[in-house]
Amino acid sequence: MASEVAPQAAAAEVRTYPCRSCGAKLTFAPGTTTLRCDHCGAENAIAQAPTGKVEELDYEAELTELEGQAETFEDEHVRCEGCGAEQTLAKDLFAGRCAFCGAPIVEKAYAKRLVKPAAILPFQVDRARAQERFRAWVKRQWLAPGDLKRYARSDSGLAGMYIPFWTFDCRTSSDYRGERGDDYYTTETYTTRNAQGEPVTQTRQVRQTRWSSAAGHVDAFHDDVLVMGSNAMPGELLGALGRWDLKALVPYQPEFVSGFQALAYRVGLRDAFVAARREIDDRVAELVRRDIGGDHQRVHDVATRYGGITYKHILLPVWTSTYRYRDKPYRFSVNAQTGEVTGESPKSWWKVALLAAAVLAVLFVMLVLGSRS
């Protein structure tokens, strides 16, 4: 929770958006291009966003520009324009609500980060629909206890939050050396005994692999490799919400953030590309295996050159909360663009045991049938 700050702390400037009808503060209405007044219900259109697609920025040029400048990750002290109260935003937040009057506030300096967001995916799923998707998700947890859907309740109100991400575009040019394995079959003769103890000669097909040297070159373009810029959210939850339509990105405007929490990045540009490069290398490895072909591949070494690296710093929307089952909290998140839900769920021990027994039974039958063939 936000707390009062010492009188000597300098308060940063914030943005608020007053209603044209009653003067109360406005919040962004998901799925629209308007700000809605929580007091009188009036809708105020958001000013026209800049035209054109979101610009890709040169990665190397930006690193040169940032050289010698250090990121700061201090708490942000802000003064609410609505009630005048000074307070500290929670860790890494640059948008939220005033702890004293509840007015939505957006800190103008983006928590003193060096790189400002260039684009945003505005909320499309509102709170009510997010709750519906959560309830539907609970019903699909068939390994969960049977009474979960009856007892699962939201532990606290859903929090709408923008999470910082980086996206990277990159061209790669890779030379590789390895081996290609092609399967072939030979006939093997063996002897068994029948029920009367008499020898019986049988044959079977034995799979062999013929290996040959392989070398080659693959080129690729990697579009919008996504890296989360915050460690404040559980990666296992947000990582499962990775299906975003980034073509729907619009140039960043603070109006879209009004009324929601918004995190500033903790993972800087250089470190973010280190993470992106790991994913790019995994993609290159898969391309190399495809290029080698055959039934099996061995990759001995890959030399990759990276070029034309560009980036965007963007904000993506999620609803996040916890629900409680038998006094234990479980976290979940809702993709606020698609409505996809991911989360933690308790497991019924007898359902898990039944599933394990079924799998073992299937494996046993397959082994028996295989031994008879």
Side-chain angles (χ1 to χ4, degrees), residues 1-3 27-28 30 73 75 89-97 99 104 111 120-166 226-245 257 259-267 272 275 279 314-352 355:
M1 179 176 175
S3 59
T27 61
F28 173 65
F73 301 103
D75 291 339
L89 288 177
K91 183 179 180 181
D92 294 336
L93 285 179
F94 74 94
R97 288 186 176 271
I120 189 170
L121 268 180
F123 271 74
Q124 298 299 310
V125 176
D126 62 18
R127 188 185 304 274
R129 185 179 164 206
Q131 285 281 20
E132 290 175 4
R133 297 305 295 265
F134 164 67
R135 288 191 287 269
W137 174 81
V138 167
K139 292 178 181 178
R140 294 195 300 270
Q141 304 308 300
W142 65 280
L143 281 180
D147 60 352
L148 176 64
K149 58 180 176 291
R150 189 164 69 248
Y151 288 107
R153 295 290 183 269
S154 179
D155 192 41
S156 58
L158 277 169
M161 180 177 292
Y162 284 101
I163 309 297
F165 280 83
W166 304 93
L226 201 60
V227 176
M228 186 164 57
S230 172
N231 51 21
M233 295 292 293
E236 64 273 18
L237 292 186
L238 286 182
L241 300 179
R243 290 185 283 274
W244 306 89
D245 178 13
V257 177
F260 295 92
Q261 294 183 338
L263 285 167
Y265 63 81
R266 266 280 167 169
V267 179
E279 180 173 338
I314 65 175
L315 301 176
L316 301 181
V318 299
W319 292 100
T320 183
S321 188
T322 59
Y323 66 95
R324 189 168 289 275
Y325 175 77
R326 297 184 185 270
D327 295 325
K328 183 177 178 181
Y330 296 87
R331 299 170 296 183
F332 71 94
S333 295
V334 182
N335 182 317
Q337 183 192 37
T338 66
E340 182 181 2
V341 182
T342 184
E344 302 167 331
S345 171
K347 300 293 186 291
S348 168
W349 69 267
W350 69 265
K351 288 184 179 180
V352 173
L355 176 63

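The first residue of the sequence shown is numbered 1, and numbering continues consecutively from there. The basis for the numbers below is simple: all heavy atoms, side chains too, and nothing from hydrogens, waters or symmetry mates.
- The distance from the CD atom of E279 to the CG atom of L226 is 8.0 Å, given to the nearest 0.5 Å.
- Contact check for F28 versus P122: side-chain heavy atoms found under the 4.5 Å cut-off.
- Contact annotation: the side chain of N335 never approaches that of T342 to less than 4.5 Å [non-hydrogen atoms, C-beta and beyond].
- Here the side chains of R243 and T338 are not in contact, with every heavy-atom distance at 4.5 Å or above.
- In this structure, W244 and L316 have side chains that are in contact, with non-hydrogen atoms separated by less than 4.5 Å.
- The shortest heavy-atom contact between Q124 and R129 is O-NH1, 4.4 Å.
- Using a 4.5 Å heavy-atom threshold, the side chains of V125 and Q337 count as separate.
- Under the rule for a side chain to side chain donor-acceptor pair (under 3.5 Å), Y162 has no partner lying at least two apart in sequence or in another chain.
- If you take CE on M161 and OG on S321, they are separated by 11.0 Å, rounding to the nearest 0.5 Å.
- Considering only heavy atoms from C-beta on, L263 stays 4.5 Å or farther from Y265 through its side chain.
- For the pair R133 and G339, the tightest heavy-atom approach, listed with the atom from each and the gap, is CZ-O, 3.5 Å.
- Residues forming a side chain to side chain donor-acceptor pair (under 3.5 Å) with E132 (at least two apart in sequence, or on another chain): none.
- Using a 4.5 Å heavy-atom cutoff, the side chains of S230 and V267 are not in contact.
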>> For a ring pair (Phe, Tyr, Trp, His ring centres under 6.0 Å) check, start with the C-alpha distance between W319 and F134, then their side-chain angles and the critical distance, and finish with the verdict.
In response: CA-CA 10 Å; W319 292 100; F134 164 67; over 10 Å; no
> Between F165 and V227, does a side chain to side chain contact (heavy atoms under 4.5 Å, CB included) hold up when you go through it step by step?
Replying inline: CA-CA 6 Å; F165 280 83; V227 176; 5.9 Å; no
> Stepwise, does the side chain to side chain contact (heavy atoms under 4.5 Å, CB included) test hold for I163 with L315?
Replying inline: CA-CA 5 Å; I163 309 297; L315 301 176; over 6 Å; no
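- At least one side-chain heavy atom of R97 sits less than 4.5 Å from a side-chain heavy atom of P104.
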